[in-house]
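Just so it is clear, the values below take in all heavy atoms, side chains as well, and ignore hydrogens, waters and symmetry mates.
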Amino acid sequence: ATVADLLDAGRDEIARRGKVEPGNRTMLDALAPAAAAFRAAADRGTPVGGCLAVAAAAADAGATSTAAMEATTGRAGWLADRARGHEDAGARLIAVVLDAAARAVGEPAA
């Protein structure tokens, strides 16, 4: 539950400070589904390694989805034409970090 709370707080603070929401092609597009997946798994009593694995898988899917989004904010917004068709780097970072955490506790993402 503590890790779920931390992921939720990180998601909320990034949204507040960046004035972004999921769908804006930012790291939030990976973090929001990861936080939700982690929370749902934790609420079912899944051990932390399993929670990290489902969060990593959700973050991976979220990061992948950013390639089809229009860049409007952040560095990608300045280079929207060059960013088109590529994943958001911040979203991919969230997926990589969560996958590394899952692997560290022996639960690689599915």
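One distance of note links CG of Leu98 with CG of Leu31; it measures 7.5 Å at 0.5 Å rounding. Note: His86 NE2 to Met69 CE = 16.0 Å, rounded to the nearest 0.5 Å. Note that CZ of Arg11 is 8.0 Å distant from CG of Leu28, once rounded to the nearest 0.5 Å.
The side chain to side chain contact (heavy atoms under 4.5 Å, CB included) search around Arg16 returns Glu13, not counting sequence neighbours. Every residue two or more places apart in sequence or in another chain that forms a side chain to side chain contact (heavy atoms under 4.5 Å, CB included) with Ala91 is listed here: Ala30, Ala63, Thr66, Asp88. For Ala42, the side chain to side chain contact (heavy atoms under 4.5 Å, CB included) partners at least two apart in sequence or on another chain are Phe38, Cys51. Applying the side chain to side chain contact (heavy atoms under 4.5 Å, CB included) test to Val97 and every residue at least two apart in sequence or in another chain returns Leu93.
Identified under the side chain to side chain donor-acceptor pair (under 3.5 Å) test for residues 30-42, with sequence neighbours left out: Asp5-Arg39, Asp8-Arg39. Sorted by first and then second residue, the salt bridge (charged side-chain N to carboxylate O under 4.0 Å, His left out) pairs with a member in residues 44-53 form an empty list; sequence neighbours excluded.
Side-chain heavy-atom separations under 4.5 angstrom define the hydrophobic clusters, and Val96 shares its cluster with no other residue.
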Could you tabulate the donor-acceptor pairs under 3.5 Å formed by side-chain atoms of residues 53-60, not counting sequence neighbours?
from, atom 1, to, atom 2, distance (Å)
Asp60, OD1, Arg92, NH1, 2.7
Asp60, OD1, Arg92, NH2, 3.2

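Here the closest heavy-atom approach between residue Met27 and residue Ile14 is recorded as SD-CD1, 3.5 Å.
Val105 and Ile94 fall within the same hydrophobic cluster, defined by Ile, Leu, Val, Met, Phe, Trp and Tyr side-chain heavy atoms under 4.5 Å apart, directly or through other members.
The backbone N or O of Arg25 sits less than 3.5 Å from a side-chain atom of Asp29, completing a donor-acceptor pair.
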